[in-house]
Amino acid sequence: MTEFTIASFNVKNLIGANSEYYRFEEYTDEEHAWKESWLADQLVTMDTDIVCFQEIFDQPSLYAVIKAANESGEELNAEVIPDRSKRYHRKAIFRKLSYTPYEDGSLFFAPNVNDGEPGHRRPGLAILSRHGFESTPEVIQKLSEPLIIEFPELGGGHAGNFTLTKLSRPIIKARIRVGGEVITVFNTHFKSKLGEYLTPKGAPFSPEADLTNYDPTGRALGSLRASLRRTAEALVLRRLIVDELKAGHPVMSLGDFNDSEHAVSSEIVMGEKPFKNYSWMRRHDAKKKNDRYTREENEQIRGDIEAMQLVSAEKLFVRKSLRDMVYTSAFGGVYESIDQILMSRHFHPENENAVGIMEYFSVLNDHLTDGSHPEAPYNKLASDHGQIIAHMRLFDED
């Protein structure tokens with residue numbers, strides 16, 4: 001039996017002190033020290049084998065966090081983990097309490113190709129793995145071929161298209177060997193719900209940015225652009241996932257989806273959900289009214305769809321625990337999960353050919369506060385996301 005943990009962690013704008021990332025936004029030395037310490041404490045608490053990070057502006061800052069976590073974890077081990085001279089040192093509880101440091105070479109960082117000058121920075125992603133990497137991880141951001149989405153006019157004709165040539169943030173595709181399995185891990189951070197507005201030529205800013213002259217329809221159009229981009233990015237990830245599944249590889253897709261599990265973008269990534277029975281459905285090539293799929297075709301259709309599906313770790317946990325208390329974001333009075341861990345059927349408990357299962361799902365969200373509530377404390381240094389962790393067990397072959 002091989003156990004491992006895997007997590008998603010949006011750190012919220014990790015960059016060195018006195019470095020302007022967005023316009024007029026930077027950390028003082030004291031603020032940066034506080035943030036680094038907080039992030040390191042979270043890493044020690046998580047003690048996760050694989051961590052997918054989002055919103056990393058520079059690699060040295062993340063290295064410093066990991067170094068601080070290792071130092072803190074080793075100090076904690078010295079205080080609470082008995083040495084071999086103690087007759088009880090082999091108790092299982094101490095295996096759970098001990099912290100395992102991350103080694104050199106366990107981090108892969110993907111910068112953002114859209115990154116700019118100070119004040120116009122764009123964050124990248126990173127994966128930290130105690131199991132190392134089976135091969136050098138792949139970064140997907142500039143598309144080798146543009147994604148062109150054609151729109152037909154209802155009733156016939158052509159209604160134009162939407163073209164995507166690069167993603168707002170990179171996707172990291174990493175193959176990680178855990179026990180006897182090589183798992184393909186995708187780390188992603190889709191476009192946020194913040195609107196995309198056009199700045200007229202020669203203008204200092206877009207008209208929609210001027211809230212003293214509020215333009216509700218213009219801002220709605222900005223939200224539409226952001227939604228189109230986020231959904232198109234979901235399709236790019238879906239294609240990558242399908243390629244891995246067709247090759248027979250177990251897949252785990254993590255990250256900040258900026259959408260809940262039931263949003264269209266998330267459903268695209270997870271794949272279509274099959275109907276319970278296709279035998280009642282009229283065939284695609286029906287020649288008469290009662291031409292329906294056969295029972296054999298029903299089984300084949302369901303099998304083909306299920307083989308390409310991903311399942312939400314959170315949903316499996318909620319169903320198992322009979323309670324819903326998971327959220328990773330709090331904003332505008334809405335508590336929701338926009339950070340997700342999705343798994344292929346290789347880890348589904350109802351799949352007789354599963355290579356492993358999720359035993360538990362945990363979230364660190366006590367630090368989240370909703371700024372729309374007047375009584376909520378203000379804290380710009382901690383992450384504005386909860387950290388989610390899937391506790392996995394692989395079925396080792398005899």
Side-chain angles (χ1 to χ4, degrees), residues 1-8 48-50 52 131 134 173-188 234 237-255 257 259-278 297-326 328 337-363 388-398:
M1 179 181 70
T2 301
E3 295 179 339
F4 74 99
T5 48
I6 184 167
S8 180
T48 311
D49 297 315
I50 303 168
C52 292
H131 296 274
E134 186 74 357
K173 172 186 170 184
R175 290 197 170 97
I176 299 174
R177 180 176 294 278
V178 183
E181 295 291 338
V182 177
I183 303 169
T184 302
V185 176
F186 290 99
N187 182 15
T188 190
L237 176 59
R238 178 63 179 165
R239 286 178 169 178
L240 295 169
I241 289 170
V242 167
D243 287 344
E244 292 300 300
L245 293 177
K246 286 184 175 180
H249 301 150
V251 169
M252 303 189 81
S253 181
L254 296 81
F257 283 51
D259 256 334
S260 68
E261 173 197 341
H262 300 292
V264 172
S265 56
S266 299
E267 291 178 347
I268 287 174
V269 176
M270 287 189 285
E272 185 177 355
K273 294 180 181 178
F275 288 110
K276 187 174 182 179
N277 184 6
Y278 287 86
E297 288 172 327
N298 167 65
E299 293 299 321
Q300 178 238 310
I301 293 169
R302 285 183 54 83
D304 289 349
I305 294 174
E306 288 174 351
M308 295 294 109
Q309 269 190 315
L310 300 187
V311 62
S312 163
E314 177 187 328
K315 186 173 182 179
L316 283 178
F317 172 70
V318 169
R319 186 175 69 176
K320 183 178 180 180
S321 65
L322 300 180
R323 56 189 171 180
D324 189 352
M325 51 188 294
V326 175
T328 68
S337 296
I338 62 175
D339 303 85
Q340 300 185 45
I341 298 176
L342 307 178
M343 304 177 292
S344 61
R345 286 186 57 80
H346 298 84
F347 306 102
H348 200 294
E350 296 176 1
N351 179 11
E352 61 182 14
N353 297 315
V355 301
I357 59 170
M358 183 185 74
E359 294 192 313
Y360 196 71
F361 179 90
S362 54
V363 56
I388 51 176
I389 307 166
H391 303 250
M392 310 296 298
R393 175 164 60 89
L394 297 177
F395 306 137
D396 294 333
E397 295 182 0
D398 295 331

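Heavy atoms only: backbone and side chains are in, while hydrogens, waters and symmetry mates are out.
The main-chain N or O of Met270 is never found under 3.5 Å from a side-chain atom of Gln309 such that the two would form a donor-acceptor pair. Under the 3.5 Å distance criterion, the side-chain polar atoms of Ser312 are matched with a main-chain donor or acceptor of Glu314. In terms of modelled atom types and a separation under 3.5 Å, the side chain of Arg302 and the main chain of Phe275 share a donor-acceptor contact. Side chain of Thr5 to backbone of Asp49: a donor-acceptor contact under 3.5 angstrom is found.
A 4.5 Å side-chain heavy-atom check between Ile301 and Pro274 finds every atom pair outside the cut-off. Side chains of Val355 and Phe347 form a contact here, defined as non-hydrogen atoms less than 4.5 Å apart. The shortest side-chain heavy-atom distance between Tyr278 and Ile305 falls under the 4.5 Å cut-off. Between Ile389 and Tyr360, every side-chain heavy-atom pair lies at or beyond the 4.5 Å cut-off. The side-chain heavy atoms of Leu342 and Met252, taken from C-beta on, include no pair separated by under 4.5 Å. Between Glu261 and Glu267, every side-chain heavy-atom pair lies at or beyond the 4.5 Å cut-off. With a 4.5 Å cut-off on side-chain heavy atoms, Val269 and Phe186 do not count as touching. Considering only heavy atoms from C-beta on, Asn187 stays 4.5 Å or farther from Val185 through its side chain.
In this structure, Arg177 does not pair ionically with Glu181, as no charged nitrogen and carboxylate oxygen lie closer than 4.0 Å. A salt bridge links Glu244 to Lys173: at least one charged side-chain nitrogen sits closer than 4.0 Å to a carboxylate oxygen. Between Glu359 and Arg393, at least one side-chain N (NZ, or NE/NH1/NH2) sits under 4.0 Å from a carboxylate O, which counts as a salt bridge.
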Open item on the list: Checking Val251 against Ile183 for the side-chain contact (heavy atoms from CB on, under 4.5 Å) test, could you report, in this order, the C-alpha distance in whole Å, the side-chain angles of both residues, the deciding distance, and whether it holds?
Closed with: CA-CA 6 Å; Val251 169; Ile183 303 169; over 6 Å; no

Using side-chain contact (heavy atoms from CB on, under 4.5 Å), reason through Val178 and Thr2 one step at a time and then give a plain yes or no. CA-CA 8 Å; Val178 183; Thr2 301; 4.0 Å; yes

Verdict with reasoning, Ser265 to Asp259, per side chain to side chain donor-acceptor pair (under 3.5 Å)
CA-CA 7 Å; Ser265 56; Asp259 256 334; 2.7 Å; yes

Check the pair Ser253 / Ile241 against side-chain contact (heavy atoms from CB on, under 4.5 Å), numbers first and verdict last. CA-CA 8 Å; Ser253 181; Ile241 289 170; 4.1 Å; yes

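Side-chain contact, Gln340 with Ser266: a donor N or O sits under 3.5 Å from an acceptor N or O. For the residue pair Ser344 and His346, a side-chain donor N or O sits within less than 3.5 Å of a side-chain acceptor on the partner.
Taking CG from Asp304 and CD from Glu297, the interatomic distance works out to 11.5 Å, rounded to the nearest 0.5 Å. Rounding to the nearest 0.5 Å gives a distance of 9.5 Å between OG of Ser362 and CD1 of Ile388. Distance CZ/Phe257 to OG1/Thr188: 6.5 Å, rounded to 0.5 Å. Here Ile6 contributes atom CD1 and Ile50 contributes atom CD1; the two are 4.5 Å apart, rounded to the nearest 0.5 Å. Interatomic distance, CG of Leu245 versus OG1 of Thr184, reported as 8.5 Å (0.5 Å rounding). Between atom NE2 of residue His391 and atom CD1 of residue Ile357 there is a gap of 13.0 Å, rounded to the nearest 0.5 Å.
Between Val311 and the options His348, Arg345, Glu306, a side chain to side chain contact (heavy atoms under 4.5 Å, CB included) holds for only His348.
Residues that satisfy the side chain to side chain donor-acceptor pair (under 3.5 Å) test with Arg239, not counting sequence neighbours, are absent from this structure.
What you find for Leu254 and Ser8 is that their closest heavy atoms are CD2-N, 4.0 Å.
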